[in-house]
A.B. asks: 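This is the structure I want to talk about, given as structure tokens.
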Amino acid sequence: MSFTVNTLRNVTTACQQMRDHIKTIVFRPDNHKTLDITFGPTVAAELIGRTPEALAKAEAKGRLPQPKQQANGRRYYTLEDLTQIREALGIHVGKQADEDAVVLAVQNFKGGVGKSTITKHLADYLALHGYRVLVIDCDPQASTTTMFDIQPETLIDDEQTLGAFLSPRSTFSDFSQTIRDTPWPTIKIVPSSLGLQDAEWDLTATLREGGQAVREGLQALRIGIASVTKDFDVILLDPPPAMGFLGLNVMAAATGLLIPVPARQLDYLSTIHFMDTIADNIEILEENGTPVDYGFIRVVCSAFSPSKPGENDMWRIMQATYAGLLLGQPILASEEIKNATQAFRSIYESKPSASHQTYTRCRDNLDAVFAEVEQQIRQQWPSTSLTADSSVGVAA
């Protein structure tokens with residue numbers, strides 16, 4: 001073995017051991033993430049779309065079970081409780097059974113724009129609000145997979161992976177078997193694995209065959225998603241940071257696009273190239289029999305620091321140039337987000353690392369941003385569009 005290969009292998013082993021050590025500290029005692037999220041009556045009622053008084057009334061009448069109580073007598077609810085309450089009260093949040101999931105790609109070629117962090121936080125936000133979510137990690141770097149407490153290297157000998165499904169050389173064709181559970185009861189994940197890069201090479205090889213082989217290669221992910229699209233409300237795609245065959249598969253499968261752009265000049269300029277490349281590649285897909293027409297495209301300003309004059313200037317430029325596409329709220333830069341992701345968590349499953357006020361400000365900001373995305377998602381379903389919103393449910 002060469003010096004270079006041996007050195008890289010040793011570094012990889014050391015990093016994996018350190019990662020496992022960190023996880024034993026973060027996820028004690030079983031080295032796995034568990035959700036210990038609870039909600040008081042006010043927050044629980046807000047997430048369900050009711051008042052605390054309405055919940056208490058339904059509990060008093062026996063329509064709902066009595067909530068759990070802490071030692072001091074304070075009532076609280078778990079995530080599973082919220083799901084059961086929605087079912088008991090007939091509150092249906094997502095799409096109708098005959099409608100398809102919205103397939104949303106969080107995409108930008110520029111590194112460091114917060115793509116995986118946004119995917120994780122958006123998934124958790126949607127789950128908290130009652131949606132059934134599938135996350136598909138299409139990035140061989142597997143950042144999103146790791147945040148959901150799955151180690152990519154554990155899948156190296158597993159045939160039931162996204163890489164095996166996408167590879168034209170593979171005989172594995174049951175996309176549903178690539179789906180894994182997460183600590184969140186209403187979030188599933190198709191994790192990235194070490195074989196995903198191999199699948200990219202195999203898909204690229206179809207170019208030599210041309211014709212039908214290329215079309216099948218470009219539509220592989222779309223075909224897989226089509227087999228489970230009735231089982232979820234929202235499917236989030238975390239694409240690779242490059243436009244190879246994996247990226248083209250993501251573009252072909254998506255029905256909506258969310259583009260993170262920090263308020264920095266280089267990121268703004270690189271996104272110009274990204275959007276031009278996206279348009280070029282959609283034309284390539286259509287020329288190869290794979291039509292693409294997104295229901296919505298939105299740009300979100302990520303990691304925004306309003307105290308920095310240069311970023312304020314870029315924010316104004318973004319408002320002028322992305323008119324009609326830019327979300328009204330930027331995602332504010334926050335140490336709370338950094339600290340949460342270092343612990344393999346999102347803000348929604350972590351506790352304040354600094355002051356409670358700072359944590360609340362960060363979470364309120366994310367809620368406002370994702371509420372805009374949620375509105376775009378709901379407009380894609382006839383049953384929950386702005387003219388026919390069925391999320392109100394039955395009065396408690």
A.B. asks: Please state whether the rings of Y125 and F370 are parallel, tilted or perpendicular, taking 30° and 60° as the class boundaries.
C.D. replies: tilted
A.B. asks: Can a salt bridge be assigned to the pair K115 and D238 using a cut-off of 4.0 Å between side-chain N and carboxylate O?
C.D. replies: yes
A.B. asks: Give me the atom names and distance for the closest heavy-atom approach of L221 to N249.
C.D. replies: N-OD1, 2.9 Å
A.B. asks: Test the K351-Y359 pair against the cation-pi criterion, namely NZ or CZ under 6.0 angstrom from the six-membered ring centroid and within 45° of the ring axis.
C.D. replies: no
A.B. asks: Ignoring hydrogens and geometry beyond distance, is a side-chain donor-acceptor pair present between Q380 and T255 at under 3.5 Å?
C.D. replies: no
A.B. asks: Which atom pair, heavy atoms only, marks the closest approach of T161 to L155?
C.D. replies: CG2-O, 4.0 Å
A.B. asks: Between D313 and R316 (salt bridge meaning N to carboxylate O under 4.0 Å), is one present in this structure?
C.D. replies: yes
A.B. asks: Checking E311 side chain against R264 main chain: does a donor-acceptor pair fall under 3.5 Å?
C.D. replies: no
A.B. asks: Tell me whether the count of non-hydrogen atoms from other residues, nucleotides or ligands lying under 6.0 Å of CD in Q69 goes above 12.
C.D. replies: yes
A.B. asks: Can you check whether F165's main-chain N or O pairs, donor with acceptor, with S170's side chain at less than 3.5 Å?
C.D. replies: no
A.B. asks: Mind checking the CG-CD spacing from L285 to Q219? Nearest 0.5 Å is all I need.
C.D. replies: 9.0 Å
A.B. asks: On a heavy-atom basis, which atom in L128 and which in L79 lie closest, and how many Å separate them?
C.D. replies: CD2-CD1, 3.7 Å
A.B. asks: For a quick test of reading the model, state the closest non-hydrogen atom pair linking A252 to T290 and the distance between them.
C.D. replies: CB-CG2, 3.7 Å
A.B. asks: Hydrogens and angles aside, do H121 and T117 bring a side-chain donor and acceptor to less than 3.5 Å of each other?
C.D. replies: no
A.B. asks: Quick one: CG on L258 to CG on L237, what's the gap to the nearest 0.5 Å?
C.D. replies: 11.5 Å
A.B. asks: Take a 6.0 Å sphere around CD of Q265 and say whether it holds more than 12 heavy atoms from other residues, nucleotides or ligands.
C.D. replies: no
A.B. asks: Between M147 and S346, what is the shortest heavy-atom contact and its length?
C.D. replies: CE-N, 4.5 Å
A.B. asks: Salt bridge between D81 and K68, side-chain N to carboxylate O under 4.0 Å?
C.D. replies: yes
A.B. asks: Mark yes when over 12 heavy atoms from residues, nucleotides or ligands other than K230 sit less than 6.0 Å from its NZ; otherwise mark no.
C.D. replies: yes
A.B. asks: Should we count CG of D293 as having more than 12 external heavy atoms under 6.0 Å?
C.D. replies: no
A.B. asks: If you measure only the distance, is there a donor-acceptor pair under 3.5 Å linking the side chains of T271 and N108?
C.D. replies: yes
A.B. asks: Got a donor-acceptor contact below 3.5 angstrom from the E372 side chain to the Q329 backbone?
C.D. replies: yes
A.B. asks: Between V250 and P239, which heavy-atom pair has the shortest distance, and what is it?
C.D. replies: CG1-CG, 3.6 Å
A.B. asks: Does CD belonging to E80 count more than 12 external heavy atoms closer than 6.0 Å?
C.D. replies: yes
A.B. asks: Ignoring hydrogens and geometry beyond distance, is a side-chain donor-acceptor pair present between D137 and S192 at under 3.5 Å?
C.D. replies: no
A.B. asks: Classify the ring geometry between F304 and W315 as parallel (under 30°), tilted (30 to 60°) or perpendicular (over 60°).
C.D. replies: tilted
A.B. asks: Say you draw a straight line from CD of E287 to CD1 of I282; how long is it, rounded to the nearest 0.5 Å?
C.D. replies: 12.0 Å
A.B. asks: Spell out, yes or no, whether I272 and I278 are grouped together once hydrophobic residues are joined by side-chain heavy atoms under 4.5 Å, including indirect joins.
C.D. replies: yes
